[in-house]
Amino acid sequence: MPETAIPYRFEPTATSGQLRADFDSIDDGTETGKTVTIAGRLMLRRVQGKLAFGTLQDSAGRIQLFAPGKVTPDFADFCELSLGDWIGVTGEVMKTRKGELSVKVEQWTVLAKAQRPFPDKFHGLSDAEIRYRQRYMDLWVTPESREVFVLRSKIVSLIRRWLEDRDFMEVETPIFHPIPGGAAARPFATHHNALDQEFFLRIAPELYLKRLTAGGFERVFELGRVFRNEGISTRHNPEFTMLELYQAYADYTDIMTLVEELIAYLATEIHGSTTITYDGKEMDLSSPWRRASMVDLIEEKIGVSVSLETEMDDLRKTCRDHGVEVKDSYGPGKLILELYEKTVEGDLWNPVFVTDYPKEVSPLSRDHRELPGFTERFEAVVAGRELANAFSELIDPDEQRARFEDQAKQKEEGDDEAMVVDEDYLRAMEYGLPPTGGLGIGIDRLIMLLADVQTIRDVVLFPTLRPEQF
RNA sequence: GCCCCUGUGGCGCAGUCCGGUUAGCGCAGUGGACUUUUAAUCCAUUGGUCCUGGGUUCGAAUCCCAGCGGGGGCACCA
């Protein structure tokens, strides 16, 4: 078919979903007298001499095409269409004798030819590599795949609305950071030619959002991509989506309330219940969620009481006894964190706010108001995975400088994920940062949870893969 | 980075363990039959560097080694 025969625009008047909603109840073998125009891909075709059936798939699903040779113009050409061709069809809505809702093909036009053969019409694609590399085909032949991304879009939209209803303002902060900060991770580096300046793709928007809190935006959030130059796994993609928000005058307990209410709201909107199934097991997302301190969870799990006062040798021994690798550079706080992560975290199923992280491993969190050496920080752990990280933000610039310098020291000692001093951020703090509660949620993992999906690649449209060789 | 699994026409699979003619099957494609099908059916038929490169052997899709792609796990990701 010459390209010139393809129309430049086309105007469908209905989708398969609308037709099913409007006409599903009509009797078998009847015609409605209603003429509609639909468009999509021809996915199945059953030609039987002077009568042909087709299955058209559009964004809402599938609908049958009914094409009698006496009615359908250029009937022979219609029968020659390839599976996968995009077509537009106009005709009467009807139901066949066997009860299949159909559109009678009274006019039709090709909107795009499929020059490549489509995957097996029944088995679809089973090769994960093709599904990820050629998502444009996966979306046609793997219905669950399409559904997950529709759900993702809906969840993100619900989050925005929920936050806006609570007077949070969405902002956009730089992705090019001269100093990577706000998290402990290795960054991607890039270069701006005109400025002859090295930049890093952001590993977190945190420090810019807190600058905005200092700037007087009391409730801000950013929903955007962050980039971490780390390994790839079923839970890690080098670029992923993060929600961060900052609320002036709030502390970490306010943020806990916000998180549990938001997640319960999303579950209810999506599944109609706060009880969901993940990986074949039930999970209760109703608020309030359990709150437990890291050291209490460790004691509960392994029966050993640890604290920052515990002798280092005893802490190291406890770690080794539980198969936790330790390095000489680790202080007591890092040892406790390691112990928690290796022995407790993976077994937490229902949501838990794990609270009170050691200061040593929390360079941006405010000192705990009662527990020396700890911070007012929590992670929300669901299905054994970190879903959110939050704290009462550190607001004392002198303390922040000391923490940065401690980080810089760790970097010198070889920790290439340690932070570096950000003088401008310190300057913003010196002008005054009010008490603030901050939160980061990994959106991809949240989608995985709500969509009951086990790998992050199934919630990212184009997951990072090694480039294909052609 | 380490370990395990995996790679067969466009797609879905068998054959590999235990080496043995021209590597099979289904879908798609091509030619034919068919006016109520539903993964339509029936007849015929085209299409393959068995991921790549070495090696063992009279003989390799099959065994061995290396590499490449993919998947999973570990490590990393506070």
Side-chain angles (χ1 to χ4, degrees), chain A residues 28-29 43-55 62-72 75 79-80 82-84 94-102 104 114-134 137-138 140-142 183-186 203-204 226 228-238 240 294 323 325 330-331 333-342 345 354 357-365 375 377 379 385-386 389 391 407 410 415-419 440 442 445 454-457 463 465-469:
Chain A
D28 296 356
M43 298 302 280
L44 297 172
R45 189 190 45 190
R46 300 176 286 281
V47 178
Q48 0 193 83
K50 299 192 176 66
L51 175 66
F53 297 89
T55 299
R62 292 182 168 194
I63 187 85
Q64 178 165 270
L65 303 177
F66 179 82
K70 283 182 183 163
V71 173
T72 300
F75 180 72
C79 294
E80 293 288 299
S82 299
L83 297 187
M94 52 164 284
K95 224 173 210 184
T96 60
R97 286 179 218 158
K98 293 278 172 64
E100 187 72 30
L101 188 65
S102 307
K104 196 190 287 182
Q115 295 180 15
R116 292 172 181 269
F118 253 52
D120 187 288
K121 66 188 179 186
F122 185 64
H123 297 97
L125 286 171
S126 70
D127 184 334
E129 182 176 358
I130 302 178
R131 291 190 45 231
Y132 299 144
R133 289 197 195 277
Q134 303 183 36
M137 290 316 302
D138 180 48
W140 282 102
V141 301
T142 315
R186 281 176 294 193
I203 56 175
V226 298
R228 297 186 182 179
N229 206 338
E230 311 278 2
I232 295 177
S233 78
T234 51
R235 287 170 289 279
H236 300 269
N237 198 59
F240 62 100
M294 182 178 293
E325 267 185 57
Y330 290 179
K334 176 72 171 166
L335 288 172
I336 288 173
L337 178 69
E338 287 289 313
L339 200 53
Y340 155 76
E341 288 189 337
K342 298 299 188 308
E345 190 175 78
V354 180
Y357 278 60
K359 192 165 158 175
E360 180 187 337
V361 294
S362 311
L364 302 169
S365 321
T375 59
R377 171 181 171 190
E379 285 192 2
R385 296 171 193 166
E386 172 196 338
N389 181 23
F391 25 92
Q407 287 283 312
Q410 289 180 29
D415 181 353
D416 53 7
E417 285 165 359
M419 297 178 189
R445 291 184 185 177
Q454 320 307 325
T455 168
I456 197 168
R457 292 188 185 89
L465 299 176
R466 209 171 242 107
E468 199 172 356
Q469 300 296 316

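By convention in this document, chain letters (A, B, ...) are assigned in the order of the sequence lines, proteins followed by strands, and residues within each chain are numbered from 1.
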Side chain of [X]: nearest nucleotide among [options]?
| X | options | value |
| --- | --- | --- |
| A/E341 | B/C11, B/G71, B/A78 | B/A78 |
| A/N389 | B/A78, B/A40, B/U35 | B/A78 |
| A/P119 | B/A78, B/C11, B/U36 | B/C11 |
| A/E129 | B/A78, B/G69, B/G26 | B/G69 |
| A/R457 | B/A40, B/G71, B/U35 | B/G71 |
| A/E417 | B/C11, B/C76, B/U38 | B/C76 |
| A/T455 | B/A78, B/G72, B/U36 | B/G72 |
| A/A128 | B/A75, B/G71, B/U36 | B/G71 |
| A/K121 | B/C11, B/A78, B/A39 | B/A39 |
| A/E230 | B/A78, B/C74, B/C76 | B/C76 |

Distance in angstrom units between [X] [atom1] and [N] [atom2], rounded:
| X | N | atom1 | atom2 | value |
| --- | --- | --- | --- | --- |
| A/R466 | B/G67 | CZ | C1' | 12 Å |
| A/L465 | B/G70 | CG | C1' | 8 Å |
| A/Q134 | B/C11 | CD | C1' | 11 Å |
| A/R131 | B/G10 | CZ | P | 21 Å |
| A/L51 | B/U41 | CG | C1' | 14 Å |
| A/W140 | B/G10 | CH2 | P | 23 Å |
| A/M43 | B/U38 | CE | P | 18 Å |
| A/R116 | B/G10 | CZ | P | 11 Å |

Could you measure between the two [atom1] atoms, the one in [N] and the one in [M], and give it in whole Å?
| N | M | atom1 | value |
| --- | --- | --- | --- |
| B/G7 | B/G53 | C1' | 16 Å |
| B/U57 | B/U62 | P | 16 Å |
| B/C34 | B/C43 | C1' | 12 Å |

Distance test, side-chain N/O of A/S126 to OP1/OP2 of B/C13, below 4.0 Å: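 So the side-chain polar atoms of A/S126 do come within 4.0 Å of the phosphate oxygens OP1 or OP2 of B/C13, strictly under.
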Phosphate contact (B/G29 OP1 or OP2) by A/R45 side-chain N/O below 4.0 Å: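 Yes, A/R45 has a side-chain N/O under 4.0 Å of OP1/OP2 on B/G29.
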Watson-Crick or G-U wobble partner of B/U45, both distances under 3.5 Å: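 Pairing partner: B/G29.
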No-H, no-angle donor-acceptor pair, A/D127 side chain to B/G70 base, under 3.5 Å: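 No such pair is found, so the answer is no.
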Flag side-chain contact, heavy atom, 4.5 Å: A/R445 against A/R235: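 A/R445 vs A/R235: side chains touch.
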Pairwise side-chain contact, A/L125 with A/Q134, heavy-atom cut-off 4.5 Å (strictly under):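 They are not in side-chain contact.
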